Amino acid sequence: MNILVLNCGSSSVKYQMIEAESRKTLTRGSVERIGMSAATLSNLRHDGDEIRIAGEIVDHTQAIEYILAVLLSKNHGVISDRGQIHAVGHRVVHGGESFSGSVLLTDDVIKILRENIELAPLHNPHNLRGIAACDVSLPGIPQVGVFDTAFHVKMPKRAYLYGIPYSLYTQYKIRRYGFHGSSHRYVAERASTLLSRPPEDLRLITCHLGNGCSMAAVDRGSSVDTSMGFTPLEGLLMGTRSGDIDASVILYVMGKEGLTLGEATTLLNKHSGLQGISGISSDMREIVSEMKNGDKKATYAFEVFTYRIKKYIGAYAAAMGGVDGVVFTGGIGENSTDVRSACCSNMEFLGIAVDESRNSSGEKEKFISPEGARTPVLVIPTNEELVIAIDTMRIVSEKGSVSAR
Ligand code: ADP
């Protein structure tokens, strides 16, 4: 079954066409700068054929029409008819409390997504735009929503309630939701395969370290706690996001510097994190390189970043009553030997250690703990698109291939 996987952002649409049974990506690409000058579409087919088109792409509907034109193109495409797209799987950032799994996008579901816009004003409107665009360009083809929040929805109350009046939870749905759910789920399932142990036997700590960073405590297959919260701002230090902070700090700075709400939000989301501490970059490669050149602030940024991950490993081991494996994924987790080493240093009390020759080997998916370690440490490249494709195939097969709208 060919699944078109779409990740619609404010000015971009990332896509992959995946043959779900064989798990093969037929082609992948992205449209960037939608609604701006000099928009581009880049496409890379499985056989290495690559194209880049520049032009004017005014909205998501037009972006999806461009993508379809490339998929259908005689020279660069992978299908000869729109009917060869059997379903569309959308990454949807926020499902609120309504969805604990992926769902067919019916009118009722779309209505709930609209109601959740307030919870994810930066993401959900674009996801909805992508869904509406597919209604126009691929009428009758079923669409499925796969939510970043779904994997975490069943966390216990003690993990998701904040220490604020309970009425704020009931009235405004303020609670920890958590994000990166498809990634945490994928690497936890993959770890269970690599460890040859069923998920029900495993207490795993998964570390998704990319531009956005989050960790999850995956207890016997379920996420029981995660570091991102009501929004993707909480928890670990990130490229430009502060992560955990005393809420009073921001109130204090707002008072001192006369910041508006919008300016304070920008300060925490865009000017903090690695970028904010180092004053150099939000990119871990540059932080590590400047740290090795002796730059003090880059060193502080690196140390805050890795120290916080260590604290969460300890916290999640305590939450689950032990840990049977730690998994690193995301751009930093998959590539930075320095970050992985630092996060796992002095952790022998939990059976966690890194074998440096394994850590620096060229393999992408690997164990980096010493042979026979009590707590295996793994690197697993994430594949959120595959999770979306497989969920979409499952849901469409269960419901029959008729669109609900
Ligand atoms: P996103 O969260 O946007 O999907 P990625 O998962 O691609 O981002 O992660 C981006 C991060 O990965 C950047 O901070 C980048 O510096 C980091 N990264 C990529 N390659 C390396 C590397 N070889 N060493 C250290 N960090 C890396």
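Both counts, for ligands and for their atoms, begin at 1 and track the order of listing. These numbers were taken from a predicted model, which means no experiment stands behind them.
- Between the side chains of N359 and E356, a donor-acceptor pair is found at a separation under 3.5 Å.
- The protein heavy atom nearest to atom 24 (N) of ligand 1 is R285 CG, 3.5 Å.
- Taking the centre and axis of the six-membered ring of Y177, the NZ or CZ atom of R175 falls inside the cone set by 45° and 6.0 Å.
- Distances from atom 3 (O) of ligand 1 to the heavy atoms of N211, N335, L209 put N211 nearest.
- Looking at ligand 1, you won't find any N or O of G210 less than 3.5 Å from one of its N or O atoms.
- Taking a cutoff of 4.0 Å between a charged side-chain nitrogen and a carboxylate oxygen, R203 and D219 do not qualify as a salt bridge.
- Using 4.0 Å as the threshold, G212 has a heavy atom nearer than that to some atom of ligand 1.
- Scanning the protein for heavy atoms near atom 11 (C) of ligand 1, the closest one is I332 CG1, 3.7 Å.
- Looking at S248 and D246, their side chains do bring a donor and an acceptor atom within 3.5 Å of each other.
- Taking every heavy atom of S336 and a limit of under 4.0 angstrom, the matching atoms of ligand 1 come to 25 (C).
- Using a cut-off of 4.0 Å between Lys/Arg side-chain N and Asp/Glu carboxylate O, R394 and D391 are scored as salt-bridged.
- Scanning the protein for heavy atoms near atom 14 (O) of ligand 1, the closest one is M284 N, 3.4 Å.
- Of the options S281, G331, P381, the smallest heavy-atom separation from atom 7 (O) of ligand 1 is shown by G331.
- Close approach of ligand 1 to D283 is summarised as follows: ligand atoms under 4.0 Å from at least one heavy atom of the residue are 14 (O), 15 (C), 16 (O).
- Ring-centre distance between H152 and F179: not below the 6.0 Å cut-off.
- Contact check on E385 versus K14 returns no salt bridge, with no Lys/Arg side-chain nitrogen under 4.0 Å from an Asp/Glu carboxylate oxygen.
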